[in-house]
Amino acid sequence: MWVVVGVLFYLAVKHQFEPLLLIPIAFGALLANLPTFGVVNKPAGPILSPETGIVEYIFTSEQENLSTSRVIKDQYDTLWRIFSDEKVRENTAEAKNAKFAEFETKVKEYLAKIERETAPKVKEEGKVDLSYKGTGTPKLLAIVRPDKPMEGEREWMNKSCQVEFQGRKLTIMPNDKLIWLNAGGTVDKINFKEGDKVAKNQTIIELTNTHAGGLYHYISMGVLLELFPPIIFLGVGALTDFGPLIANPKKLLLGGAAQFGVLATLSCAIAIGFSAPEAASIGIIGGADGPTSIFTSNKLAPHLMAPIAVAAYSYMALVPVIQPPIMRALTTETERKIKMTSLRKVSKLEKLIFCVFVTIFVIMLVPDCSALIGMLMFGNFIKESGVCERLSKCAQNELINIVTIFLGSSVGLTMTADRFLNSKTLFILGLGVVAFAISTAAGILMAKTMNLFLKDKINPLIGSAGVSAVPMAARVSHVEGQKADPSNFLLMHAMGPNVAGVIGTAVVAGYFISTLKGL
């Protein structure tokens, strides 16, 4: 992970690839992979039940002193995730039995590993050191069995098997929920005994500790509670001029075309084994929108937030590297030299009406993107009204800068080695390149298709700006156009599809959240 941190620092400092984002992320990742205290540790408090069901097992007792290592590895929240996140491909008894047999083997290996890694280490002969766990594996506190049976392709999860753990014989089912120690402290009270019925979010175990949580335990709440991404959108809205889009509404199609990259990546991710919510979160990388990627993954696949955020921001930074070869491959010299007619001047009233109309229309269409679209248009309304200069400058500068520092470093602090250095991360990084390439190509091809029907031709280069990396993608379109013809100025034309891409990606994210959050 230190090598990964070094690469991010190099890209940010040496090549100035999105340094305002990559430096906070990289420094947060550095802290995440050091044995810190007072940075990310959680405060002791109630241990809640993740589901309504039966408390099958409890592996602690009252007044026991529990401790965690300074670098904690994530563990599975549900036993069936140990070996696969896929449904049974063929809904047959043979396939379900094979799936369960695979589960039984894996769960025995997994619990043996947990028992081995959380066993007290002998510091000196005859003395046990209860405070040291070099592996970073937390203690398993309890297992809760949901009372709702699984159906359909996951019906095999209703079967049980016998497993030995900490000297006890356990009867385990694939859908059992695992409850882990998340902070050091003393077990003050156990409110339920084995076999008791418990409701979701009821307190099973009460932990006490005199220490407060670490600094970023509280700052990271801005990500977990979905505060930072909408606030970033407020600042983006205050920095954005929707005039080019209003002056030429046809450019909405270019922003929409770029979403093909999102949908194509979603399909690819599902094909290689990611679940639908995970695939949707990965697909949003194709929109080249970091805050939206974080917002979506936090709702649908929080365990993948770190690699998704790093991929999204890294590829946003690499837009000047990724897009130009695709742009040149899909356009001719003549097409790159197309000069577009000057845009008409858009009035203040038109811009204000646009903000209100988009807010109402999009939120009525996709309510789950309300926070992003609402704050985006709120920030733009403040700017375009012309009567809130202080608020506009705050949103454009101090507010967005402060939140960027905290958002980037909070994401970086999730980049522990066990989360980041695995095969899923490599797949996500690879799919991110695919997403960017398809989004870029789709925008260009859409522009070329539109030219078949338009009298005033569109320079296809601006189609690549449909990805919502504002304003970098628009600048890349402009630069490529000037390479073909130094007198060609495409920047303002490219800003139309660029801001359309911001809206489009937020709408797609809202649709994914509304349809997949229950899976």
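Only a predicted model underlies this, so the values are computations on that prediction, with no experimental measurement involved.
- Using a 4.5 Å cut-off on side-chain heavy atoms (C-beta onward), L421 and M1 make contact.
- Within a 6.0 Å sphere centred on CZ of F420, other residues, nucleotides and ligands contribute more than 12 heavy atoms.
- Applying the side chain to side chain contact (heavy atoms under 4.5 Å, CB included) criterion to F406, with sequence neighbours excluded, gives Y216, I219, F228, I402.
- In terms of heavy atoms, S281 sits closest to S297 at OG-CA, 3.5 Å.
- The environment of E389 atom CD is sparse: at most 12 non-hydrogen atoms of other residues, nucleotides or ligands sit within 6.0 angstrom.
- Scanning all heavy atoms of the two residues, the minimum distance from V467 to A473 falls at CG2-CB, 3.8 Å.
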Acceptor/donor pairs from residues 357-375 side chains to any protein atom, 3.5 angstrom cut, sequence neighbours excluded:
unit_1, atom_1, unit_2, atom_2, d
T359, OG1, C355, O, 2.7
D368, OD1, K517, NZ, 3.1
S370, OG, P367, O, 2.4

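- Not counting sequence neighbours, Y511 has no partner by the ring-ring contact (aromatic ring centres under 6.0 Å, His included) test.
- If you run side chain to side chain contact (heavy atoms under 4.5 Å, CB included) between L413 and each of V40, L30, I25, only V40 comes through.
- When the side chain to side chain contact (heavy atoms under 4.5 Å, CB included) test is applied to N422, the partners found at least two apart in sequence or on another chain are K424, T425.
- For the pair N459 and H493, the minimum side-chain heavy-atom distance is 4.5 Å or more.
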Donor-acceptor pairs under 3.5 Å, side chain of residues 426-434 to any protein atom, not counting sequence neighbours: which ones?
none

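- The shortest non-hydrogen separation linking M446 to L253 is CG-O, 3.9 Å.
- Side-chain atoms of Q259 come within 3.5 Å of backbone atoms of G255 as a donor-acceptor pair (strictly under, hydrogens ignored).
- Geometrically, K383 does not engage F381 in a cation-pi contact, judged by NZ or CZ lying under 6.0 Å from the ring centre and within 45° of the ring axis.
- Listed by chain and residue number, E333 satisfy the salt bridge (Lys or Arg N to Asp or Glu O under 4.0 Å) test with R336 (two or more places apart in sequence, or in another chain).
- Under the side chain to side chain contact (heavy atoms under 4.5 Å, CB included) criterion, I231 pairs with L399, V403, sequence neighbours left out.
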Check residues 4-16 and write down every donor-acceptor pair under 3.5 Å in which the side-chain atom is one partner and the other belongs to a residue at least two apart or another chain.
unit_1, atom_1, unit_2, atom_2, d
Y10, OH, H15, NE2, 3.1

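- Applying the side chain to side chain contact (heavy atoms under 4.5 Å, CB included) criterion to E51, with sequence neighbours excluded, gives P146, K177.
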- Message: One pair to check against side-chain contact (heavy atoms from CB on, under 4.5 Å): M450 and K457. What are the steps and the verdict?
- Response: CA-CA 8 Å; M450 291 170 66; K457 303 301 182 183; over 6 Å; no
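- Note on residues 31-45: no pairs pass side chain to side chain donor-acceptor pair (under 3.5 Å), not counting sequence neighbours.
- With sequence neighbours left out, Y218 forms a ring-ring contact (aromatic ring centres under 6.0 Å, His included) with no residue at all.
- Surrounding CZ of R390 are at most 12 heavy atoms belonging to other residues, nucleotides or ligands under 6.0 Å away.
- By the side chain to side chain donor-acceptor pair (under 3.5 Å) test, K250 is found to be paired with N248, residues two or more places apart in sequence or in another chain being considered.
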- Might you work through the side-chain contact (heavy atoms from CB on, under 4.5 Å) test for I462 and L254, ending with a clear yes or no? CA-CA 8 Å; I462 72 169; L254 301 180; 3.9 Å; yes
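- Counting all heavy atoms, side chain and backbone alike, F354 lies closest to M377 at CE2-CE, 4.2 Å.
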